[in-house]
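Side chains included, hydrogens not; waters and symmetry mates left out as well; all remaining heavy atoms used. Residue numbers count from 1 along this sequence.
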Amino acid sequence: MNTDKLSARLAAVAKYVPKGAKIADIGSDHAYLPCYLAKNSGISFAVAGEVAVGPFQSAERNVSSEGLSDMISVRLGDGLEVIQSGEVDHIAIAGMGGALIASILENGKEKLGSVKRLILQPNISAVSVRKWFLDNGWVLIAEEIIEEDGKIYEVLAAEKGSNPLKPYEQNVEAGLLFGPYLSKEKSKVFAKKWLNERNNWLRIYQQLEHAAQTPGTVEKKKELFTKIQLVEEVLGNEESKRS
């Protein structure tokens with residue numbers, strides 16, 4: 001991966017950044033994403049934010065070597081503290097856990113007034129991001145699920161709106177867990193991810209069956225059983241049995 005060829009997961013993020021965007025890439029690492037966007041997607045300005053000194057210095061070197069220092073500002077700082085209110089209209093956060101992404105957005109909410117779109121790629125717990133959208137008035141507009149080097153990633157794009165429940169149908173709980181668009185598409189990667197999760201939950205449930213039935217154990221079993229049922233409903237019982 002470099003500034004001319006992104007990984008599959010970052011390429012999926014880049015697809016949702018329109019021409020002319022002013023974007024902050026939070027946790028930019030080597031600044032591959034903003035450099036690629038500046039060279040190929042016609043963005044007008046970018047902030048590459050990094051909390052760690054090593055990746056920050058790497059990002060500075062890459063931006064400088066590409067001759068993009070006038071367009072990309074590389075900044076050292078935690079989360080959205082690297083941007084000023086009104087400075088950008090798109091934000092990308094990729095390669096972190098969903099709970100951490102939601103925390104970054106929550107802690108920097110005052111910076112989101114001018115932001116038109118959030119493009120987020122949680123490594124785990126995409127449900128945390130969807131819940132944050134729902135709680136804060138952001139409408140999920142698109143989702144992708146991809147597999148790269150044996151790992152499965154989800155990409156979520158959202159825009160500010162008056163009805164964050166719009167993408168979800170009757171079962172909001174299932175929509176938050178699986179993704180309302182992904183669960184309709186039911187791609188092979190989607191099925192693989194959730195069959196693996198279901199089998200893991202089933203193993204844990206069976207282990208708890210042989211443990212002391214404390215209130216905590218009973219509650220955990222109930223939670224796992226609900227999740228297993230949701231997977232089987234989304235994918236269909238026959239496909240779940242074949243796994």
Side-chain angles (χ1 to χ4, degrees), residues 6-17 21-34 36-37 46-52 55-56 59 75-85 87-148 151-161 164 167-168 172-173 175-183 189-190 193 197:
L6 298 176
S7 64
R9 66 181 183 87
L10 285 184
V13 171
K15 283 168 52 178
Y16 295 98
V17 182
K22 295 181 288 185
I23 185 166
D25 180 30
I26 305 302
S28 193
D29 203 8
H30 301 286
Y32 289 149
L33 178 62
Y36 175 89
L37 292 170
V47 173
E50 250 305 328
V51 70
F56 164 76
R75 301 175 187 175
L76 184 65
D78 190 10
L80 301 189
E81 71 179 28
V82 298
I83 59 172
Q84 302 298 315
S85 294
E87 190 174 24
V88 299
D89 52 24
H90 288 69
I91 290 176
I93 309 177
M96 305 180 197
L100 178 55
I101 291 174
S103 174
I104 288 170
L105 295 172
E106 184 66 25
N107 292 336
K109 275 201 292 192
E110 74 281 359
K111 305 286 183 70
L112 298 178
S114 64
V115 175
K116 299 174 183 176
R117 182 178 293 175
L118 300 171
I119 308 121
L120 311 174
Q121 181 267 297
N123 286 348
I124 58 171
S125 191
V127 62
S128 299
V129 175
R130 294 189 189 98
K131 284 179 178 177
W132 189 91
F133 288 158
L134 207 58
D135 291 341
N136 290 277
W138 288 82
V139 181
L140 186 65
I141 62 164
E143 299 176 305
E144 289 192 28
I145 187 166
I146 60 170
E147 184 173 14
E148 183 175 37
K151 295 181 179 179
I152 294 175
Y153 304 100
E154 294 179 41
V155 175
L156 315 177
E159 296 180 349
K160 198 74 175 175
Y168 301 91
V172 177
E173 182 185 6
L176 288 171
L177 183 60
F178 302 111
Y181 301 111
L182 298 179
S183 57
V189 177
F190 176 86
K193 171 186 171 70
E197 291 282 8

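- Under the 3.5 Å distance criterion, the side-chain polar atoms of Glu159 are left unmatched by any main-chain donor or acceptor of Arg117.
- For the atom pair CZ (Arg130) and CG (Leu134), the distance works out to 11.5 Å, reported to the nearest 0.5 Å.
- Atom CD of Glu106 is surrounded by more than 12 heavy atoms from other residues, nucleotides or ligands within 6.0 Å.
- In this structure, Lys160 contributes its side chain and Asn136 its backbone to a donor-acceptor pair below 3.5 Å.
- A distance-only check finds a donor-acceptor pair linking the side chain of Glu143 to the backbone of Leu182 [under 3.5 Å].
- The line from CE of Met96 to OG of Ser103 is 10.5 Å long, rounded to the nearest 0.5 Å.
- When atom types are taken as modelled, the side chain of Gln121 and the backbone of Gly95 share a donor-acceptor pair closer than 3.5 angstrom.
- Contact of the Leu37 side chain with the Asp25 side chain is not registered, since no non-hydrogen atoms from C-beta on lie closer than 4.5 Å.
- Contact annotation: the side chain of Leu80 never approaches that of Asn107 to less than 4.5 Å [non-hydrogen atoms, C-beta and beyond].
- Going from atom CZ of Phe133 over to atom CG of Leu105 covers 7.0 Å, rounded to the nearest 0.5 Å.
- Atoms CG and CG, from Asp89 and Leu112 in turn, are 12.0 Å apart once rounded to the nearest 0.5 Å.
- Annotation: side chain of Leu156 is not in contact with side chain of Trp138 (no heavy-atom distance under 4.5 Å).
- Looking at Leu118 and Trp132, their side chains come closer than 4.5 Å, going by heavy atoms from C-beta outward.
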Given the rule in the side-chain contact (heavy atoms from CB on, under 4.5 Å) test, do Ile93 and Leu120 qualify, once you have shown the distances and angles that lead to the verdict? CA-CA 5 Å; Ile93 309 177; Leu120 311 174; 3.8 Å; yes
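- Side-chain N or O atoms of Glu148 include one that pairs as donor or acceptor with a backbone N or O of Ala8 at under 3.5 Å.
- Within 6.0 Å of NZ in Lys131 there are 12 or fewer heavy atoms belonging to other residues, nucleotides or ligands.
- The closest donor-acceptor contact from the side chain of Tyr16 to the backbone of Ala92 lies at 3.5 Å or more, if one exists at all.
- Not one N or O on the side chain of Lys193 forms a donor-acceptor pair closer than 3.5 Å with the backbone of Ile152.
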